[in-house]
Amino acid sequence: MARKVKRNIATVSLFTMDNWLKICIVVVFAVATTGNEEATPAKLLFSKQILNKYLVEGMDIVIKYSLFNVGGTAALDVQVADNTFGPQDFEVVGGQLKVTIDRIPPGSNATHVVVIRPSKYGYFNFTAAEVSYLPSEDAAEALVGLSSEPGQGAIVPFKEYDRKFSPHLLDWLSFAVMSMPSLVLPYALWYSSKTKYEAILTQKKDK
């Protein structure tokens with residue numbers, strides 16, 4: 001009987017030690033994995049979007065730049081530059097085409113918005129913007145990347161856009177003024193006849 005109890009105690013001890021050994025291995029693996037993730041350098045995904053539905057000569061166009069850090073460390077000294085909008089074709093009316101972001105933590109994003117105004121109509125190829133950043137604190141050389149490209153877009157003349165989408169208030173007002181004589185004259189004749197007829201009826205009743 002005593003031997004059986006000792007065997008059972010020994011089996012339980014071995015089972016417990018085996019479980020603790022597995023747990024320690026899992027913890028060490030998790031710590032090692034976490035350490036590897038932290039050591040992963042920063043990596044930025046960069047997109048460039050045009051938020052307007054219509055591109056019109058002389059009207060504002062909103063450009064959105066989005067950066068997302070999919071790496072394990074922070075991206076430092078992030079510099080965004082878009083040299084595709086020349087002053088002869090576009091006017092910057094809001095924001096800046098060159099901007100610096102000090103730090104983008106891992107798993108975080110940053111956005112920047114610029115408002116431009118085209119000075120002429122026609123087809124324009126919206127190409128990529130450029131980004132440079134340090135992938136870690138001890139990095140000696142910056143990484144350089146490009147954004148996505150919105151592609152070619154048609155900037156329509158303002159007159160064409162205005163003719164299609166304007167409420168044309170002046171046109172309707174002119175139409176109303178021109179239509180007034182054809183509406184007022186018949187009404188004036190009718191009202192004059194009605195007044196004379198009522199006056200005749202009133203005279204007959206008085207008699």
Side-chain angles (χ1 to χ4, degrees), residues 19-156 161 165:
N19 281 350
W20 275 108
L21 182 60
K22 290 180 180 179
I23 293 172
C24 290
I25 292 173
V26 170
V27 170
V28 170
F29 179 77
V31 171
T33 305
T34 305
N36 290 334
E37 288 180 354
E38 292 178 353
T40 304
K43 184 178 180 182
L44 295 181
L45 302 181
F46 188 20
S47 69
K48 174 181 176 181
Q49 297 173 285
I50 298 176
L51 302 184
N52 294 61
K53 185 177 182 180
Y54 300 103
L55 308 180
V56 185
E57 171 197 15
M59 296 184 67
D60 294 349
I61 297 176
V62 182
I63 311 294
K64 181 181 179 182
Y65 305 90
S66 301
L67 296 154
F68 185 73
N69 186 1
V70 296
T73 57
L76 307 174
D77 191 25
V78 181
Q79 299 184 23
V80 176
D82 194 344
N83 301 314
T84 61
F85 302 110
Q88 67 277 6
D89 297 321
F90 295 91
E91 176 189 1
V92 180
V93 295
Q96 298 178 350
L97 293 176
K98 292 184 178 180
V99 65
T100 300
I101 303 172
D102 295 333
R103 178 187 180 90
I104 301 179
S108 300
N109 63 339
T111 58
H112 178 64
V113 175
V114 176
V115 181
I116 60 175
R117 188 174 295 163
S119 57
K120 58 182 70 173
Y121 61 87
Y123 285 95
F124 184 81
N125 189 21
F126 294 90
T127 55
E130 185 178 287
V131 62
S132 64
Y133 60 96
L134 295 174
S136 62
E137 294 184 355
D138 56 350
E141 187 175 347
L143 297 180
V144 179
L146 298 176
S147 71
S148 57
E149 296 186 4
Q152 190 176 59
I155 301 174
V156 300
Y161 175 84
F165 295 101

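Quick note: residue numbers are just sequence positions, from 1. Please read these numbers as outputs of a predicted model, since none were measured by experiment.
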What pair of heavy atoms forms the shortest contact from [X] to [Y], and how long is it?
X	Y	value
Leu134	Ala139	CD2-O, 4.0 Å
Leu45	Val70	CD1-CG1, 3.6 Å
Ala74	Asn69	CA-ND2, 3.9 Å
Leu146	Ala128	CB-CB, 4.2 Å
Phe46	Val80	CZ-CG1, 3.6 Å

With sequence neighbours left out, write down each residue that passes salt bridge (charged side-chain N to carboxylate O under 4.0 Å, His left out) with [X], or none if nothing qualifies.
X	result
Lys48	Asp82
Asp77	none
Lys64	none

*Taking only residues two or more places apart in sequence, or in another chain, which ones meet Tyr121 in a ring-ring contact (aromatic ring centres under 6.0 Å, His included)?*
none
_The criterion is ring-ring contact (aromatic ring centres under 6.0 Å, His included); which residues satisfy it with Phe68, sequence neighbours excluded?_
none
*To the nearest 0.5 Å, what is the distance between CG (Leu55) and CD1 (Ile61)?*
4.5 Å
*asked:* Working to the nearest 0.5 angstrom, can you tell me the gap between Phe124 CZ and Asp89 CG?
replied: 6.0 Å
*asked:* Within the 4.5 Å heavy-atom criterion, are Phe90 and Ile155 side-chain neighbours or not?
replied: yes
*Can you list every pair that meets side chain to side chain donor-acceptor pair (under 3.5 Å) and has a residue in residues 132-156, with sequence neighbours left out?*
Ser136-Asp138
_Val56: side chain to side chain contact (heavy atoms under 4.5 Å, CB included) partners, not counting sequence neighbours_ = Tyr54, Met59, Val156, Phe158, Tyr161
Identify every side-chain donor-acceptor pair in residues 97-118 under 3.5 Å, counting partners at least two apart or on other chains, and give the distances.
residue	atom	partner	partner atom	Å
His112	NE2	Gln96	O	2.8
Arg117	NE	Asp60	OD1	2.8
Arg117	NH2	Asp60	OD1	2.8

